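Here the structure is laid out as structure tokens; the discussion comes afterwards.
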Amino acid sequence: MSDFSTVPANIKALDDEYVLGTYGRLPVEFVRASGAVLTDSEGNDYLDFLGGIGCASLGHCHPAVVAALKEQADKLWQVGNYFYVENRGEVANGLSTLLSRITDESGHDTGSAAVTWKTFFANSGAEANEGAIKLARRWGEVKLDGAFGVVSAKKSFHGRTLATLAATGQDRFHETFRPMPAGFASVDLNDIDALRSAVENPTPECGPVCAVMLECVQGEGGVWPAGYDYLRDVADLCREKNLMLIIDEVQTGFFRCGSPFSFQRAGIVPDIVTMAKGIADGFPMGAVAARTKVAGLMRPGDHGSTFGGNALAVAAARATIDTLRAEDMGEHVIAVGKHLRHRLQAMPHVTEVRGRGLMRGAQLDVPIACQLVDEGLAEGLVLNHIGDSILRFLPPLVITREQVDEGMDKLEALIRKLA
């Protein structure tokens with residue numbers, strides 16, 4: 001691609017004047033997509049290494065999801081959760097099955113566990129995490145003499161509502177929105193002693209602890225993985241103290257890291273799991289699933305969502321989950337993710353490659369990540385940076401080895417040029 005695409009002037013003017021400026025805009029308007037390729041308003045194609053921020057689990061506009069949405073749109077969109085909704089129970093059953101899978105540390109499937117999960121459907125990852133916090137606090141109320149504190153990890157990210165911001169272990173997200181809600185604390189990831197201390201000696205701001213909340217790979221914090229031994233130690237600590245273990249799979253779920261859910265690679269069984277992004281191939285949906293021991297504590301009226309689990313969303317989710325399983329997506333992700341890692345490791349100025357499957361972070365020894373994102377567009381690449389020295393990769397899971405090679409050839413040339 002020789003020329004840098006620009007947004008039509010009228011589109012840019014309308015957006016700049018009437019849309020709240022909470023996002024930094026890149027000067028491209030995408031109008032079509034298929035698989036791992038995006039097309040802009042001028043007809044230029046781009047290889048997508050961001051995937052709608054990890055949402056395009058089956059790739060953009062997968063035929064199975066498109067067909068499900070079209071069929072459902074002709075029948076019914078929204079009735080509310082006072083009634084049974086077509087496909088909702090089927091999706092919840094499918095999630096219970098996926099959540100019960102057992103894998104080895106490499107992500108390969110090895111069996112299933114005899115665990116039943118119940119799901120509440122929401123619209124986003126932040127809403128799912130809000131629901132998880134409420135479930136945990138109900139557990140603390142009933143089982144732990146009113147304990148309400150939640151301990152998370154530094155560099156974590158759990159959402160942008162006030163409660164999920166408070167659970168997020170990054171002060172930069174808190175700075176202009178204080179005071180943060182009480183009842184939260186964060187400690188270093190992969191430090192079980194620090195976690196035990198926070199549980200046993202809670203600060204006044206946190207209060208008595210009812211839950212630990214973790215990502216298996218911290219996405220927004222820089223793609224930092226939790227060690228498998230650490231996750232097993234956390235699970236043991238939670239069992240010892242009768243705490244809820246909440247695993248945030250919003251970014252890592254639905255085969256993003258190879259296994260159906262990332263916690264499965266550590267051989268643990270959490271009490272509560274949150275998810276969104278890839279659950280419906282980018283159609284807005286979130287969910288929080290809980291084991292029956294905690295799910296049974298919630299009563300009618302304790303939680304709700306007007307649009308959560310609506311007919312369109314569950315139709316898209318059912319098509320996505322069924323297709324992910326039918327196409328053995330986990331094995332594809334493991335193979336292509338390993339190839340992506342090898343290509344990144346061989347690049348100049350890349351000092352470390354973190355993450356699992358098709359969730360990767362490349363640490364640079366030069367502060368050019370922002371420039372790489374900007375100039376990547378001119379080369380037909382959609383990239384993402386975290387700060388000025390980390391590139392994050394969340395491509396559609398259907399991306400091919402050949403597309404990875406094409407994208408990495410262009411990226412390597414850009415790194416050599418800018419560094």
Side-chain angles (χ1 to χ4, degrees), residues 91-101 113 115-144 147-153 156-159 161 163-164 166-169 183-186 195 199 209-218 226 231-232 234-254 259-264 266-277 279 285-299 302-305 308-309:
V91 173
N93 174 264
L95 289 175
S96 184
T97 300
L98 270 187
L99 287 161
S100 299
R101 299 309 299 167
V115 180
T116 299
W117 298 81
K118 289 194 171 187
T119 295
F120 174 89
F121 293 104
N123 305 287
S124 67
E127 288 182 44
N129 283 329
E130 286 272 352
I133 292 166
K134 288 178 71 173
L135 280 165
R137 286 185 170 175
R138 172 54 54 84
W139 177 264
E141 175 190 17
V142 175
K143 301 290 186 178
L144 297 171
F148 57 85
V150 176
V151 181
S152 63
S156 63
F157 183 85
H158 298 291
T161 63
T164 56
T168 292
F184 298 92
S186 61
L195 181 61
V199 166
V209 176
C210 68
V212 174
M213 187 174 195
L214 295 173
E215 301 158 280
C216 294
V217 182
Q218 295 178 332
L231 289 171
R232 289 187 277 266
V234 173
D236 289 342
L237 175 63
C238 288
R239 280 195 297 271
E240 175 191 336
K241 303 295 184 180
N242 203 23
L243 308 178
M244 289 287 97
L245 175 54
I246 304 169
I247 296 295
D248 179 342
E249 293 269 2
V250 168
Q251 197 165 124
T252 52
F254 299 97
S259 52
F261 294 96
S262 195
F263 72 81
Q264 292 161 332
I268 64 172
V269 182
D271 300 294
I272 302 169
V273 178
T274 61
M275 58 204 96
K277 293 192 182 291
I279 189 173
M285 190 181 193
V288 52
R291 295 170 66 180
T292 51
K293 70 176 185 179
V294 59
L297 298 178
M298 297 295 278
R299 301 181 295 269
D302 282 344
H303 198 43
S305 172

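Computed from a predicted model, the values in this text were never measured in an experiment.
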From Phe121 atom CZ to Leu95 atom CG, the distance as rounded to the nearest 0.5 Å
5.5 Å

Say whether, by atom type as modelled, one donor and one acceptor occur between the side chain of Thr168 and the main chain of His158 under 3.5 angstrom.
yes

Before accepting this row, confirm whether a basic side-chain N of the pair Arg138/Asp302 lies closer than 4.0 Å to the acidic partner's carboxylate O.
yes

Cation-pi check, Arg232 to Phe263: give yes when NZ or CZ is under 6.0 Å from the six-membered ring centre and within 45° of the ring axis, no otherwise.
no

Mark yes or no for whether Glu215, through its side chain, and Glu249, through its backbone, hold a donor-acceptor pair below 3.5 Å.
no

Ala126 versus Gly159, closest heavy-atom pair with distance
CB-CA, 4.0 Å

Has Lys134 got its NZ or CZ under 6.0 Å from the middle of the six-membered ring of Trp139, at an angle within 45 degrees of the ring axis?
no

In terms of ring plane angle, is the pair Phe120 and His303 parallel, tilted or perpendicular, where the classes change at 30° and 60°?
tilted

How far apart are the closest heavy atoms of Ser124 and Ala276, and which atoms are they?
C-CB, 3.8 Å

What is the minimum heavy-atom distance between Val250 and Asp248, and which atoms define it?
N-OD1, 2.9 Å

Apply side chain to side chain contact (heavy atoms under 4.5 Å, CB included) to Val234 and Leu195, showing your working.
CA-CA 8 Å; Val234 173; Leu195 181 61; 3.6 Å; yes

Pair Cys216-Leu231, side chain to side chain contact (heavy atoms under 4.5 Å, CB included): steps then yes or no:
CA-CA 8 Å; Cys216 294; Leu231 289 171; 3.9 Å; yes

Derivation and outcome, side chain to side chain contact (heavy atoms under 4.5 Å, CB included), residues Phe184 and Val151:
CA-CA 6 Å; Phe184 298 92; Val151 181; over 6 Å; no

Working to the nearest 0.5 angstrom, can you tell me the gap between Leu135 CG and Asn129 CG?
11.0 Å

Given 3.5 Å as the limit, does a donor-acceptor pair link the side chain of Ser96 with the main chain of Ala92, or not?
no

Smallest heavy-atom separation, Gly169 atom then Ser156 atom, equals N-OG, 2.9 Å

Could you tell me which non-hydrogen atom of Cys210 sits nearest to which non-hydrogen atom of Gly140, and how far apart they are?
CB-CA, 3.9 Å

Starting at CG of Leu245, measure out to CD1 of Ile272 and round the result to the nearest 0.5 Å.
9.0 Å

Exam field: side chain Thr252 to backbone Ser262, donor-acceptor pair closer than 3.5 Å
no

Ala122 and Ala128 have their tightest heavy-atom pair at CB-N, 4.3 Å

Distance from Cys238 atom SG to Met244 atom CE, nearest 0.5 Å?
8.5 Å

Is it the case that more than 12 heavy atoms not belonging to Lys143 sit under 6.0 Å from its NZ atom?
no

Quick one: are Ile247 and Phe261 in side-chain contact, heavy atoms under 4.5 Å?
no

Does the side chain to side chain contact (heavy atoms under 4.5 Å, CB included) test come out yes or no for Val150 and Val212, once each step is laid out?
CA-CA 6 Å; Val150 176; Val212 174; over 6 Å; no

With the side chain counted from C-beta on, respond yes when Ile246 and Leu214 share a heavy-atom pair under 4.5 Å apart, and no when they do not.
no

Inter-residue atom distance Trp117.CH2 - Ser100.OG, 0.5 Å rounding
7.0 Å

Do Arg291 side-chain atoms and Asp271 backbone N/O form a donor-acceptor pair below 3.5 Å?
no

Quick check: does any side chain N or O of Gln264 sit under 3.5 Å from a backbone N or O of Arg101, one acting as donor and the other as acceptor?
yes

To the nearest 0.5 angstrom, please state how far the CE atom of Met275 sits from the CG atom of Leu99.
5.0 Å

